[in-house]
Amino acid sequence: GRPAVLPPGMEGTVHSVRLRSVSQLPLQLQESECVLQVLDRIRKNAPATFVATWVDTIRQVVLSGDFDATVTFGFWLVYLRSFQEPTPRVEEGVADELARAWTKIRGPPGSLPDPVLTFLPLFLAEVTLACFRSAFPESLPLLGDPFALHVFLCLHFEVGGFVLSPGTVR
């Protein structure tokens, strides 16, 4: 995929960007491309019954513009908790935006089947990880399995409401 558009002079590492404000994000991510990449991987690798039963519903949810906002703010929340000196005001603002975006895609209670709701935090984590790898190609050695686990645990807690056991994520 095409890397995220970096401001002039940025080298493409996780240490070359600083988020100072929720209203001025320093990178333009390729959320939709990352979503399509992960959807394609699911179609190829998930059990056929899962694909036949749930992938079309998941696709409808994640191809909405609201899901792009969820990915954007999920990305920045993980970024803040991983690579930047804590700035509580900015982190709280990003967490609030993520919560707003997540509420939009979830819809009212009962609007999405439980298996889709269970899967969406994991999908969000997969897409967020893909965005990190696209945005920071020079930092790929830092974005391996331990970082992937961190992304899954962080986002699942933030949007799913509970901490996954690290052994649950493969």
Side-chain angles (χ1 to χ4, degrees), residues 1-7 17 19-46 50-84 87-136 143 147-148 150-164 169:
R2 193 174 66 206
V5 178
L6 295 171
V17 175
L19 180 61
R20 299 181 198 293
S21 163
V22 176
S23 62
Q24 236 179 345
L25 302 176
L27 291 177
Q28 180 183 3
L29 302 175
Q30 305 299 322
E31 298 93 339
S32 296
E33 288 182 23
C34 293
V35 165
L36 292 173
Q37 175 187 7
V38 173
L39 274 173
D40 188 49
R41 197 165 51 239
I42 289 169
R43 282 196 185 282
K44 290 177 182 171
N45 300 322
F50 180 84
V51 171
T53 307
W54 301 116
V55 167
D56 285 338
T57 303
I58 292 165
R59 184 179 178 83
Q60 288 174 345
V61 172
V62 301
L63 291 181
S64 73
D66 294 331
F67 194 75
D68 282 359
T70 306
V71 173
T72 298
F73 291 108
F75 175 95
W76 287 112
L77 187 64
V78 171
Y79 181 84
L80 288 170
R81 292 180 177 170
S82 307
F83 302 111
Q84 185 171 311
T87 311
R89 180 186 52 78
V90 175
E91 188 173 327
E92 288 169 12
V94 170
D96 288 349
E97 291 297 328
L98 175 59
R100 264 191 280 288
W102 184 254
T103 301
K104 278 185 177 179
I105 65 159
R106 281 196 54 163
S111 62
L112 291 175
D114 285 344
V116 172
L117 286 174
T118 300
F119 183 73
L120 280 177
L122 302 173
F123 187 86
L124 173 61
E126 274 289 331
V127 173
T128 301
L129 187 58
C131 283
F132 266 96
R133 290 175 175 161
S134 171
F136 301 117
L143 306 176
F147 181 72
H150 169 67
V151 170
F152 276 84
L153 296 176
C154 177
L155 289 177
H156 198 280
F157 175 73
E158 201 63 38
V159 299
F162 63 93
V163 178
L164 284 175
V169 182

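When every heavy atom of Ile42 is checked against every heavy atom of Val51, the shortest pair comes out as O-CG2, 3.8 Å. Nearest heavy-atom pair, Glu158 versus Leu77, reported as atom, atom and distance to 0.1 Å: CG-CD2, 3.4 Å. In plain terms, the two heavy atoms of Val159 and Trp102 that are nearest each other are O-NE1, 3.3 Å. Across Cys34 and Ser134, no two heavy atoms sit closer than the pair SG-CB, 4.4 Å. Nearest heavy atom pair, residue Ala135 against residue Leu27, reads CB-CD1, 4.0 Å. Taking each heavy atom of Leu143 and Leu129 in turn, the nearest pair found is O-CD1, 4.3 Å.
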As a quick check of understanding, evaluate side chain to side chain contact (heavy atoms under 4.5 Å, CB included) for Leu112 and Phe119, giving each step before the final call.
CA-CA 11 Å; Leu112 291 175; Phe119 183 73; over 6 Å; no

What's the verdict on side chain to side chain contact (heavy atoms under 4.5 Å, CB included) for Phe136 and Val17, showing C-alpha distance, side-chain angles and the deciding distance?
CA-CA 10 Å; Phe136 301 117; Val17 175; 3.8 Å; yes

Let me see the working for Val35 and Leu63 under side chain to side chain contact (heavy atoms under 4.5 Å, CB included), right down to the final yes or no.
CA-CA 8 Å; Val35 165; Leu63 291 181; 3.9 Å; yes

Show the numbers, then the answer: is there a side chain to side chain contact (heavy atoms under 4.5 Å, CB included) between Val62 and Val71?
CA-CA 10 Å; Val62 301; Val71 173; over 6 Å; no

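In this structure, CD on Glu31 lies 11.5 Å from CG on Leu36, to the nearest 0.5 angstrom. Once rounded to the nearest 0.5 Å, the distance linking CD1 of Ile105 with CG of Leu120 reads 5.0 Å. A distance of 11.5 Å separates CD of Glu91 from CG of Leu98, quoted to the nearest 0.5 Å. Note that CD of Glu92 is 11.0 Å distant from OG1 of Thr87, once rounded to the nearest 0.5 Å.
Residue pairs meeting the salt bridge (Lys or Arg N to Asp or Glu O under 4.0 Å) criterion with at least one partner in residues 97-110, sequence neighbours excluded, are Glu97-Arg100. Among pairs with a residue in residues 107-118, none fulfils side-chain hydrogen bond (donor to acceptor under 3.5 Å, both in side chains), at least two apart in sequence or across chains. Within the structure, salt bridge (Lys or Arg N to Asp or Glu O under 4.0 Å) contacts touching residues 52-78 (residues at least two apart or in different chains) are Arg43-Asp56.
Between Val90 and Arg20, every side-chain heavy-atom pair lies at or beyond the 4.5 Å cut-off. At a threshold of 4.5 Å between non-hydrogen side-chain atoms, the residues Phe73 and Asp96 do not count as touching.
Every residue two or more places apart in sequence or in another chain was checked for a side-chain contact (heavy atoms from CB on, under 4.5 Å) with Ala99, and none qualifies. Applying the side-chain contact (heavy atoms from CB on, under 4.5 Å) test to Pro115 and every residue at least two apart in sequence or in another chain returns Trp54, Pro113. The ring-ring contact (aromatic ring centres under 6.0 Å, His included) check on Phe132 picks up Phe75, Phe147, with sequence neighbours excluded.
A distance-only check finds no donor-acceptor pair linking the side chain of Gln37 to the backbone of Ala130 [under 3.5 Å].
Trp76 has its ring centre less than 6.0 Å from the ring centre of Tyr79.
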